[in-house]
Amino acid sequence: RVKAAMPELFQLVYLGDVGLDIKTFDTLDGAKEKMNSLEDVYGELGGIIFHDGRQVAERLELKYMQKSDFQDYLHRATQPPAPKPEPSEDALRTAVKDALLDRVWSLTRLAPEMGKLKKEYEARQEKEPEVVYGRPSEALTELAHLYPHLVRLGGCVKPQ
């Protein structure tokens with residue numbers, strides 16, 4: 001829709017299968033070609049070509065829609081989006097708190113299995129971390145993240 005706001009281009013606002021739509025063309029001939037190829041949609045068809053906000057051509061066979069609907073659609077389509085409101089301090093605080101609680105609950109749930117895995121890898125007394133291939137469990141993934149000196153994830157397939 002950024003191109004639709006460029007006044008040097010030609011905008012065809014037309015009735016498509018899902019309602020009004022807009023296409024942008026470099027030339028008037030390209031826009032007219034598309035406009036003339038439009039087919040009947042629910043007993044209506046057509047479009048209007050605009051250049052620099054002004055109507056330059058039209059082909060309309062309307063039953064329910066009005067010609068002004070096409071101009072209104074172009075106007076709405078070329079407006080910049082409304083700025084998103086900044087989150088409040090409370091919303092930010094809540095988001096951080098929720099993320100931290102989720103992480104703590106996840107680690108608490110995995111702690112027994114991670115403890116067993118940690119003891120198992122420490123007992124091996126390897127100088128280098130063991131590289132594990134394949135799909136690791138959630139506990140092994142966390143262990144590799146927290147104790148990279150014990151175990152490292154090597155990917156899905158063992159290299160040849």
Please tabulate, for side-chain N and O atoms in residues 142-157, each donor-acceptor pair with protein atoms closer than 3.5 Å (sequence neighbours left out).
{"unit_1": "E142", "atom_1": "OE1", "unit_2": "R103", "atom_2": "NH1", "d": "3.0"}
{"unit_1": "E142", "atom_1": "OE1", "unit_2": "R103", "atom_2": "NH2", "d": "3.0"}
{"unit_1": "E142", "atom_1": "OE2", "unit_2": "R103", "atom_2": "NH1", "d": "2.8"}

What distance do [X] atom [atom1] and [Y] atom [atom2] have between them, rounded to the nearest 0.5 Å?
X    : Y    : atom1 : atom2 : answer
R59  : L12  : CZ    : CG    : 10.5 Å
K119 : M114 : NZ    : CE    : 13.5 Å
D90  : K97  : CG    : NZ    : 10.5 Å

Shared hydrophobic cluster for [X] and [Y] (ILVMFWY, side-chain gaps under 4.5 Å):
X   : Y   : answer
L74 : L45 : no
I49 : L15 : no
L62 : F50 : yes

_Residues E138, L110; criterion side chain to side chain contact (heavy atoms under 4.5 Å, CB included); working and verdict_ = CA-CA 8 Å; E138 192 177 357; L110 296 172; 3.7 Å; yes
*After noting the C-alpha distance and the side-chain angles of Q71 and I48, does the key distance pass the side chain to side chain contact (heavy atoms under 4.5 Å, CB included) rule?*
CA-CA 8 Å; Q71 176 73 42; I48 300 177; over 6 Å; no
More than 12 heavy atoms of other residues, nucleotides or ligands under 6.0 Å from [atom1] of [X]: yes or no?
X   : atom1 : result
D17 : CG    : no
E8  : CD    : yes
Q79 : CD    : yes

*Is the charged tip of R124 near the ring of Y121: under 6.0 Å from the six-membered ring centre and within 45° of its axis?*
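Flagged: R124 positioned over aromatic ring of Y121.
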For residues 26-35, which side-chain donor-acceptor pairs fall under 3.5 Å, sequence neighbours excluded?
{"unit_1": "T27", "atom_1": "OG1", "unit_2": "G30", "atom_2": "N", "d": "3.1"}

Between [X] (side chain only) and [Y] (backbone N and O only), is there a donor and an acceptor less than 3.5 Å apart?
X    : Y    : result
T141 : S137 : yes
E44  : K63  : yes
Q11  : M6   : yes

*Do Q125 and E122 have side-chain N/O donor and acceptor atoms under 3.5 Å apart?*
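Absent: no donor and acceptor within the cut-off.
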*Test side chain to side chain contact (heavy atoms under 4.5 Å, CB included) applied to F70 and L20, step by step*: CA-CA 7 Å; F70 293 77; L20 289 176; 3.5 Å; yes
_Which heavy atom of L92 sits nearest to which heavy atom of P87, and what is that distance?_
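Heavy atoms of L92 and P87 come nearest at CD2-CG, 3.8 Å.
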*asked:* Checking side-chain contact (heavy atoms from CB on, under 4.5 Å) between V13 and each of D69, I22, D21, which is the one that passes?
replied: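 Looking at D69, I22, D21, the match for V13 under the side-chain contact (heavy atoms from CB on, under 4.5 Å) is I22.
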